[in-house]
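Notes for the one structure printed next.
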Amino acid sequence: MTQPERIVIAVDMDYFYAQCEELRHPEYSGKPIIVGMFSGRTEISGAVATSNYPARKLGIRSGIPLATAKQLLKDTDHLLVKADFEYYESISQKIMNILKGYSEKFVQESIDEAFLDITNAVRGDYNRAAELATEIKDRIMKETGIRCSVGIAPNKLVAKMACDAAKPNGLVVVRPDNVQSFLEGKPVDSILGIGGKTAERLKQLGVTTVDQLAKLPLHRLQAEFGNKLGLYYYLAARGIDEEPLHEKEQDQIGRMLTLKQDSRDVNYITEALSSILPDIEKDLERRRLAYKTVSIVVIDTSLKQHTRARTLKTIETNCSVAIEIAKGLLESFFSQQPDTVARRVGITLSSLAKVEGQKNITEFFNQG
DNA sequence: AATGATACTCGGC
DNA sequence: TTACGGCCGAGTATCATT
């Protein structure tokens, strides 16, 4: 089996939200900057979305409670701001528009990350690929003021790892010949899709590095993790990834929120869900989608997640139907779970399908 | 046997 | 006395329906 001769670029903005804040608060560059998501429950209740390097040096990383971050900061001069997604989105769009121009095979992976297949653009030449990457970095910096890291490799998997190795503000090129040596000694959780839990399971098998992972036979991995994941890990450990770049189409629209008070009162929770429903409705209308499945999610006071779902017999565009379904799901959930108290709740619409024409389904039927 | 629905875990940003 | 966001997708197991 030979790898298709591709050249893939991964581009990832460095500590993106915090860097965006640095742009409009330059007096804080070099000092800890923390972008937080506040639940509104208490003054400081919430979690860290992203932090810059001076903050990370203090142990302030994504996901930790803001209260913990405050403690780690002690008396350090710092900037702690609420996440402003509209602002980050506007900067992201400028960057993505720049990137789009460099390849017809462009895939935006998230607000701050994209992949490009530049095989044709550089005619398979890695030196030209590196030049192109430098040009891209310079343009993003010049036109938006944002630093990014770039990885170049024969596939998405290794390009992503190269990009991580390039952080911050760097460029790493891994040619096909160097894939094996690049992977050597890398921790297993540097592989896309292997996180803390899987790394821990692998550790129990005596595997902590990618080259150790490559020593496990396929059948062993498949017995442990299932056929699909086992095969993925087996190939990933060898730097093999033949997946073409492709857009993932969104197939669910959901919103969550933290309750002002822990509760198991269905009316109170339904009201809370109603408050985030308009956002979902806007999304649904903008994308001209209808839904068939309504799910609720409850995160209980011990932060354990529960979900319940119901699929309708017909597709639906009207969100007031969804909230009624959600209420029913909440009722049956809490009657099944007499001891569970909700801290955060969410509602998600899925089994989405495009609506044809201008009229939505209810209008169509109401017309007779 | 195939498909769909549901509940859950994991992972990434 | 601490103390925890809000999204999204992939995948697995299990059960029901056909």
Side-chain angles (χ1 to χ4, degrees), chain A residues 10 12-18 34-51 60-72 82-83 85 88-89 92 108-114 160 163-164 188-202 222-233 236 243 246-259 262 276 279-280 283 292-313 329 332-333 336-337 343-352:
Chain A
D12 195 316
M13 306 310 128
D14 300 332
Y15 57 97
F16 184 54
Y17 303 161
I34 298 101
V35 177
M37 304 193 66
F38 293 82
S39 68
R41 168 173 279 230
T42 68
E43 196 77 10
I44 192 66
S45 172
V48 174
T50 299
S51 57
I60 299 167
R61 292 168 304 110
S62 300
I64 70 166
L66 290 175
T68 308
K70 271 277 188 194
Q71 289 179 347
L72 292 166
K82 177 175 180 287
F85 290 107
Y88 311 144
E89 189 60 49
S92 170
Q108 181 174 348
E109 195 78 356
S110 68
I111 191 168
D112 73 335
E113 192 181 7
K160 170 72 179 160
C163 184
D164 288 342
V188 284
D189 61 4
S190 63
I191 291 173
L192 189 66
I194 298 185
K197 302 278 178 148
T198 310
E200 186 50 43
R201 284 174 70 184
L202 287 168
Q222 288 183 319
E224 186 73 24
F225 299 102
N227 285 339
K228 227 163 176 169
L229 281 174
L231 177 60
Y232 172 72
Y233 298 156
E243 281 293 298
H246 54 81
E247 302 274 358
K248 310 176 185 171
E249 45 196 287
Q250 191 176 1
D251 59 23
Q252 53 177 275
I253 298 171
R255 293 291 183 276
M256 302 188 64
L257 84 165
T258 300
L259 297 169
D262 296 344
I276 51 175
D279 284 344
I280 294 181
D283 241 38
K292 230 183 146 187
T293 303
V294 179
S295 316
I296 55 148
V297 53
V298 170
I299 286 100
D300 67 27
T301 44
S302 62
L303 300 182
K304 187 174 154 51
Q305 183 170 316
H306 310 261
T307 60
R308 291 292 185 275
R310 203 185 123 194
T311 298
L312 306 171
K313 290 192 175 61
L329 289 168
S332 70
F333 173 76
Q336 284 168 13
Q337 304 259 332
R343 177 189 176 91
R344 281 153 59 191
V345 294
I347 176 169
T348 296
L349 307 181
S350 56
S351 312
L352 303 176

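Numbered from 1 within each chain, the chains take letters A, B, ... in sequence-line order.
For the pair A:M256 and A:T348, the minimum side-chain heavy-atom distance is 4.5 Å or more. Taking the side chain as every heavy atom from C-beta outward, A:L257 and A:V345 approach each other to under 4.5 Å. Between A:S295 and A:T307, every side-chain heavy-atom pair lies at or beyond the 4.5 Å cut-off.
Within the nucleic acid shown, A:G36 has no heavy atom closer than 4.0 Å to any nucleic acid atom. The residue A:I194 sits close only to the backbone: its heavy atoms come under 4.0 Å of sugar-phosphate atoms, none of a base. Among the protein residues, A:E113 comes within range of the sugar-phosphate backbone only, with heavy atoms under 4.0 Å from sugar or phosphate atoms but none that close to a base. Residue contacts shown for A:K304 are limited to sugar-phosphate atoms, with no base heavy atom under 4.0 Å away. A:K160 comes within contact range of the sugar-phosphate backbone alone, with a heavy-atom separation under 4.0 Å but no base atom that close.
Between A:I64 atom CD1 and C:dT2 atom C1' there is a gap of 14 Å when expressed in whole angstrom units. At whole-Å resolution of the value, CD in A:Q71 and P in C:dC4 are 11 Å apart.
In this structure, A:Y88 and A:Y17 have parallel ring planes: the angle between them is below the 30° cut-off, well short of the 60° mark.
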Checklist entry - For every nucleotide of nucleotides 5-15 of chain C, 5' to 3': is a protein heavy atom under 4.0 Å from its base (B), only from its sugar-phosphate (S), or from neither (-)? => result BBSSS-SS---

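Listed by chain and residue number, nothing satisfies the salt bridge (charged side-chain N to carboxylate O under 4.0 Å, His left out) test with A:R61 (two or more places apart in sequence, or in another chain). By the salt bridge (charged side-chain N to carboxylate O under 4.0 Å, His left out) test, A:E109 is found to be paired with A:K156, A:K248, residues two or more places apart in sequence or in another chain being considered. Under the salt bridge (charged side-chain N to carboxylate O under 4.0 Å, His left out) criterion, A:D262 pairs with A:R41, not counting sequence neighbours. The salt bridge (charged side-chain N to carboxylate O under 4.0 Å, His left out) test applied to A:D14 returns A:K167, not counting sequence neighbours.
Smallest separation of non-hydrogen atoms from A:S62 and A:T50: OG-CA, 3.9 Å.
Spacing of C1' atoms, B:dG11 relative to C:dG5, comes out at 16 Å, to the nearest Å.
Protein chain A contacts DNA chain B from B:dA5 to B:dC13, reading 5' to 3' and using non-hydrogen atoms of the protein with a distance under 4.0 Å.
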